[in-house]
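Right, one structure below, let's go through it.
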Amino acid sequence: MSKWDKDYLDLCRRILSEGVEVENRTGINTVKVPSHHFHFDLS
């Protein structure tokens, strides 16, 4: 498993444990974690 796969799974765990459900105008709520960023070295 690559580093990026692990980072993605960590984000999924964080969303499930710390995420906040947010209502929106479409009627399909989302679960959000504020200010999470992935950083990729594209060089």
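Computed from a prediction, not measured in an experiment: that's the story for all the values here. Numbering starts at 1 and runs along the sequence shown.
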Parallel, tilted or perpendicular: rings of Phe38 and His36 (30°, 60°): perpendicular

Sequence-distant partners of Ser35, side chain to side chain donor-acceptor pair (under 3.5 Å), two or more places apart: none

From Trp4 atom CH2 to His39 atom NE2, the distance as rounded to the nearest 0.5 Å: 9.0 Å

Thr30/Asn24 under side chain to side chain contact (heavy atoms under 4.5 Å, CB included): CA gap, chis, key distance, verdict: CA-CA 8 Å; Thr30 56; Asn24 60 40; 3.9 Å; yes

Inter- and intrachain pairs under salt bridge (charged side-chain N to carboxylate O under 4.0 Å, His left out), touching residues 18-29, at least two apart: Arg14-Glu18

Validation row: Val22, Asn29 side chains within 4.5 angstrom (heavy atoms): no

Intermediate values then yes/no, side chain to side chain contact (heavy atoms under 4.5 Å, CB included), Lys32 and Ile15: CA-CA 7 Å; Lys32 296 183 179 185; Ile15 290 169; over 6 Å; no

Counterpart residues, salt bridge (charged side-chain N to carboxylate O under 4.0 Å, His left out), relative to Lys3 (two or more places apart): Asp7

